[in-house]
Amino acid sequence: MLRGARPGCTAAIHLNSPDLDGFAFATRCGYALAFEAMARRLKTKTKKGQAGKRVASGAKLAELCVRQWRSRFEERYLPRIVGCLEQLSDEEIWWRPNEASNSIGNLVLHICGNMRQWIISGLGGAADLRERDKEFAERGLVARKALLGRFQQTVSEAGFVMARLEPAALTRPYRIQGYDVTGYEAAAHVIEHVAYHAGQIIYITKLKRAKDLGFTRLPSTASKADERKL
């Protein structure tokens with residue numbers, strides 16, 4: 001385990017993933033814990049008689065975080081992963097360079113399983129029916145259309161759960177995949193997890209298509225304010 005990482009932080013969560021060896025655990029752990037630190041500061045700085053302001057500030061922080069999380073899932077990762085799948089054949093989606101690596105198809109199944117377990121089940125209360133090993137064992141029985149449908153449906157359900165989360169739900173404890181985490185930690189874990197595997201999917205797609213996929217566009221000096229938001 002990473003020195004200084006406590007059980008339940010994002011660094012510890014990822015130690016059981018076979019394809020994440022050597023990844024920057026410290027960065028992700030700090031990202032998850034930053035939300036908790038902000039929430040704690042909102043409480044400790046509250047003076048007597050300012051309970052209303054504390055509640056308002058906590059609600060504002062929760063609203064900001066949820067909006068950012070949903071934006072990442074729905075407006076960034078979903079269209080990019082879908083864009084990759086639409087450019088590849090079924091054979092290419094299930095191609096793997098060796099048995100130590102995962103195909104795009106495996107990665108999409110893995111993202112769906114993780115998001116469903118941590119957000120839809122963990123935060124949303126749905127039954128946890130995940131069979132994690134099967135996400136890596138699949139060897140191409142899922143066609144591209146079915147894979148796309150499963151991924152889009154999972155992101156949609158996760159967004160619905162997050163939109164309904166109350167501020168208190170982000171600070172209370174949960175037991176997910178055997179880990180004790182807060183709602184902030186759980187959501188931060190899923191964001192980092194999806195981002196990491198999205199990068200792998202994009203890289204494999206570039207290998208197969210040998211072209212720039214056009215996903216990254218930096219704002220110009222003449223860009224409008226809404227074009228400069230992450």
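- Listed here is the closest heavy atom pair of L165 and A169: CD2-CB, 4.0 Å.
- Side-chain N or O atoms of T154 include one that pairs as donor or acceptor with a backbone N or O of R150 at under 3.5 Å.
- The backbone N or O of P173 lies less than 3.5 Å from no partner atom in the side chain of T182, so there is not a single donor-acceptor pair.
- Atom CD1 of I104 is separated from atom CZ of R96 by 12.0 Å, given to the nearest 0.5 angstrom.
- In this structure, CG in L107 is found 5.0 Å from CD in Q200, a value given to the nearest 0.5 Å.
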Practice task
For M115 and H193, run side chain to side chain contact (heavy atoms under 4.5 Å, CB included): C-alpha distance rounded to whole Å, both residues' side-chain angles, the deciding distance at 0.1 Å, then the answer.
Solution key: CA-CA 9 Å; M115 189 177 290; H193 186 265; over 6 Å; no
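- Not one N or O on the side chain of W94 forms a donor-acceptor pair closer than 3.5 Å with the backbone of E138.
- A continuous path of ILVMFWY side-chain contacts below 4.5 Å connects Y77 to I204, so both sit in one hydrophobic cluster.
- Follow the hydrophobic side-chain contacts under 4.5 Å out from I120 and you never reach V194; the two are in separate clusters.
- Geometrically, R172 engages Y174 in a cation-pi contact defined by less than 6.0 Å to the ring centre and at most 45° from the axis.
- Remark: side-chain polar atoms of S156 are not paired, donor with acceptor, to backbone N or O of Q153 under 3.5 angstrom.
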Practice task
Run the numbers on F73 and I191 for side chain to side chain contact (heavy atoms under 4.5 Å, CB included), then give the verdict.
Solution key: CA-CA 8 Å; F73 291 143; I191 291 172; 3.8 Å; yes
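- Heavy atoms only, all atoms of each residue included: I176 and A186 are closest at CD1-CB, 3.9 Å.
- Without hydrogens or angle criteria, R144 side chain to E86 main chain gives a donor-acceptor distance under 3.5 Å.
- Remark: side-chain polar atoms of T205 are paired, donor with acceptor, to backbone N or O of I201 under 3.5 angstrom.
- In this pair, H197 and H110 present their aromatic rings perpendicular. The plane angle is above 60°, beyond the 30 to 60° band.
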Problem - Verdict with supporting geometry, R72 and Q68, side chain to side chain contact (heavy atoms under 4.5 Å, CB included) - result: CA-CA 6 Å; R72 293 294 185 270; Q68 284 293 315; 3.4 Å; yes
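- D180 places no side-chain N or O within donor-acceptor distance of the main-chain N or O of R175, the cut-off being under 3.5 Å.
- Between C84 atom SG and I93 atom CD1 the span is 10.0 Å, to the nearest 0.5 Å.
- Shortest non-hydrogen contact noted between E135 and G113 is OE2-CA, 3.4 Å.
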Exercise for the section: Take F151 and C112, measure what side chain to side chain contact (heavy atoms under 4.5 Å, CB included) needs, and give me the verdict at the end. Expected result: CA-CA 6 Å; F151 178 60; C112 289; 4.0 Å; yes
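- Cluster partners of F215 are I202, L213, counting Ile, Leu, Val, Met, Phe, Trp and Tyr whose side-chain heavy atoms approach within less than 4.5 Å, directly or via other members.
- Clustering of Ile, Leu, Val, Met, Phe, Trp and Tyr side chains at separations under 4.5 Å places Y203 together with L207.
- Taking both residues in full, the closest heavy atoms of L123 and G183 are given as CD2-CA, 4.0 Å, listed atom of the first, atom of the second, then distance.
- Interatomic distance, CD of Q177 versus CZ of R132, reported as 6.0 Å (0.5 Å rounding).
- One distance of note links NZ of K134 with CG of L109; it measures 12.0 Å at 0.5 Å rounding.
- The OG atom of S121 sits 7.0 Å away from atom CG of L129, with the distance rounded to the nearest 0.5 Å.
- Side-chain atoms of I119 and W69, non-hydrogen and from C-beta on, never get closer than 4.5 Å to each other.
- Side chains of I81 and I111 form a contact here, defined as non-hydrogen atoms less than 4.5 Å apart.
- Neither side chain, R209 nor Q87, offers a donor N or O lying under 3.5 Å from an acceptor on the other.
- Applying the side-chain hydrogen bond (donor to acceptor under 3.5 Å, both in side chains) criterion to R80, with sequence neighbours excluded, gives no partner residue.
- R130 is not listed as a side-chain neighbour of R116, based on a closest heavy-atom distance of 4.5 Å or more.
- At a threshold of 4.5 Å between non-hydrogen side-chain atoms, the residues V181 and W118 count as touching.
- Closest heavy-atom contact between E74 and G159: OE2-CA, 3.4 Å.
- Nearest approach of V142 to A146, heavy atoms of both residues: CG1-CB, 4.0 Å.
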